[in-house]
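Comments concern the structure below.
Computed from a prediction, not measured in an experiment: that's the story for all the values here.
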Amino acid sequence: MRELAMYYKIVALTGILILSSWAALADTSKAAEEKPDILFIYTSERERVDENIQMLDMTFSAFAENQHVVSAEDFTTDLLHGKKVVVFVGDFEMKLPSLLIQEMDRYKGKFVVIGYNGNQFKAFNEWQFQEEVQIRTLNNKSLAVPMSLVDVTPPEGSELIEEGSSLTTQHPYIVKKGRLTYIASSAFDRDQKYVLSKRMYQIMDVEEPTVHPAYIRLEDISPVSDYKLVKKTGDYLADRGIPFYLAVIPVYVNNENGEKIHMKSNRKLVAVLQYLQSRGGIIIGHGYTHSYRYEETGEGFEFWDDQLNQKISTERTDKLPKPLRKRESFRSDQEYRVFTNEIDAIEKGYIETKHKKAIEELTDSGLYPLAFEAPHYTMSSNGYKVTSNYFTSIFGQVQLSDEDWEIMDAPLFVSKPSILSGMTLYPETIGYANPEIEDPLEVTKIAVKELKEVPGSMVGGFYHPYLGLEHLQEMLDLIHSVGNIEWLDLSTEEQLVQTNQVVLHQQANGELLVESKRNNWNRFLENVIDKPFDAILWGLSVIVFVFIIAFFIYIVNLRAALKKRLFRERDFSG
C-alpha cells in the first residue's frame, strides 16, 4: 500500500511540474509578444515635428503598445513612469534641458539615440562622437543622394548592425551595445526607411515575424462607376478567398456644372456593392465627394485646398480665398494662435460635415464603412484629429506637413502614429496599376522587391475597377511573390465608426453591430439643405397641387350646390 501511495504521489508531482512548466512557457511566450510603452523625445530646429521625426515616430510606434511623443523642452519626469524604452531624436544640435539629461542619466531601460546630441548623455560617455561625414552607400546599395552621418566610434564589444561608406571609408550607421542603440542620422528618405525598418527587430530585441500582412483595395468607386466592372473585379478577388477593400465615394460631382449624383440613385451599383460586401468585401469611406470647388470626383482633392496648397479655410467654393497668413505677419505668438485656432475651427466644421454625410448616406444604402481613406492621402494634422472622432482606422499614406501636401509618406508597418490621434494606419506600400506608363506595374515590382527584405512589412496597394481584369492577376502574383503573406481582414478586428446618428461596431468575432437613428424625416431635411432650389420647386409643386385639389373640391361643391338648388326650384314650381 505504501508503494502504491508513493507511486500516486510521484505521478501527481510529475503532473504538477509539467503543468507548471507549460504555464511558465505560456507566460514567457506572452511576455515576448507584449509590446513596450515607449517615450519618444525629439528636438527640432523649426520647433515642430518635421517629416523626419514623423516618420521615425510612425516606425517606432509599430513596435509600441503605447507611444508618447514629446519635445525635449516639454519633457517632465513623470513621463518616464512605466516606459521600458526611450527613443531620443536629435534633429539638430542644441544644448539639452538639464532636467532631461539628469533623468536620462538615471534611466536604466532601453535607450535609443538618433542623430545629434548623444554625447550629452552620460550613458554614451564611452562613445566617441566626431564631425559629420557623408556616405554614398548604405546596406551595400548606392544612395540616390549622399547622406550625412554623425561619425561615431563605439566602445569595444558593440554590435555593428548597419554601416555606410564614403568613397574610401566605412562608417557606422546603427550600433548597439547592451541597452544602448545609436543611429547616426535622423534623415528618413526612402533609402533610410527600408534599411532602418529592416533592422528594427534587432534594435528592439524582437523576434522577426515570418509573415507579411497584405491587402488590396478597389479604388475610387463612385455613383458613376461601371457596376459590371466593379462586380467583375470584386468577384475575381472573392472567388480566390481574398478579403478585399472597396474605397467608396458616396457622391459624384460634375465639374462642369456642379451637379451632384448620389450613390442611392444608382441602384444597380448599390446592389453590387451590397453583394460584394456579403462576399467579404469591406467598405472604406473615401471622402464624401472626393472633390473641392467642383473639381471632378476622383480627380479633385477634398480635405486640402490644392490650389493654394493649404488647409481648408472656407466652405465657400464660388471664389478663391486669400492665402493663409504666416507667423511672421503677426505681432505676437498669441495673435498667431488666435488666428490658427479660428482656421482650425472652420476646417473642423467642414470635415465633420463631410464625414457625417458620408457615413450616414452609405449606411442608408446598406453599405457599412469600417475605415477611412483620405482622397489623395491629403489632410492636415488637425484634420486627422477630427477624423479620429469618426473612425478608428485609416488606409494609405500620411501627409506629414501642414504647409505642403506633397510631403507625405507611410511607414512599412501597421502602426499608430501620434499625428493620427489614436487611429491605426494600414499603409499603402506598393502603389497601383498605372495604365499611363509602359509597364503599369513598374512601381509595384520595385516595391515588392524591397519589401521582401523587411520582415513583417505591410504589402498594401490598390487597383481601379475600370481596368477590368487586365492587370489584376499580375498584381496579385506580385503581392504573393513577397513571400508568406496573410491577407488583412478588418471584419475580424475591433473597429468603431460613428456619428451622432449612426454607430457601426465591428467585433473581432466577425459580427457587425449597426445602430441607426436615421429616418425619412432626417433624409428629407438633408435633401432640403443640400438642394434648396429643388426643395423650392417641390414646394411650389405641392402648393400648386393643393390649389388644384382645392379648386376641384370647390367645383364639385359648387356643382352639388347648384344641382340641389335646381331640385328645390323644380319641387317648388311643381
Electrostatic pair Glu352:Lys356 at N-O distance under 4.0 angstrom
no

Taking 4.0 angstrom as the limit, do Asp205 and Arg179 come out as a salt bridge?
no

Before accepting this row, confirm whether a basic side-chain N of the pair Lys445/Asp439 lies closer than 4.0 Å to the acidic partner's carboxylate O.
yes

Got a second to check how far Lys110's NZ is from Leu180's CG, nearest 0.5 Å?
9.5 Å

Check the side chains of Ser44 and Asp91 for a donor-acceptor pair under 3.5 angstrom, ignoring hydrogens and angles.
no

Using the side chain to side chain contact (heavy atoms under 4.5 Å, CB included) rule, pick out the option among Leu196, Val459, Thr429 that qualifies with Leu412.
Thr429

Answer yes or no: is there a side-chain heavy-atom contact under 4.5 Å between Tyr292 and Trp304?
no

Geometric cation-pi criterion Arg199 and Tyr201, 6.0 Å radius, 45° cone
no

Lys354 bridged to Glu302 by N-O distance under 4.0 Å
yes

I'd like to know if the side chain of Asp57 reaches the main chain of Phe40, judged simply by a donor and an acceptor atom lying under 3.5 Å from each other, with no hydrogens or angles considered.
no

Measuring centre to centre across the rings, with the benzene-like ring taken for any Trp, is Phe395 within less than 6.0 Å of Tyr245?
yes

Measuring only between side-chain heavy atoms, which start at C-beta, is Asp220 closer than 4.5 Å to Ile249?
yes

Could you tell me whether Glu347 and Lys385 make a salt bridge, using a distance below 4.0 angstrom between a side-chain N and a carboxylate O?
no

Criterion salt bridge (charged side-chain N to carboxylate O under 4.0 Å, His left out) on Glu403 and Lys311, from CA distance to verdict
CA-CA 8 Å; Glu403 298 173 358; Lys311 63 173 62 178; over 6 Å; no

Heavy atoms, side chains only, cut-off 4.5 Å: are Tyr236 and Leu472 in contact?
yes

Are Glu373 and Arg217 within salt-bridge range, i.e. N to O under 4.0 Å?
yes

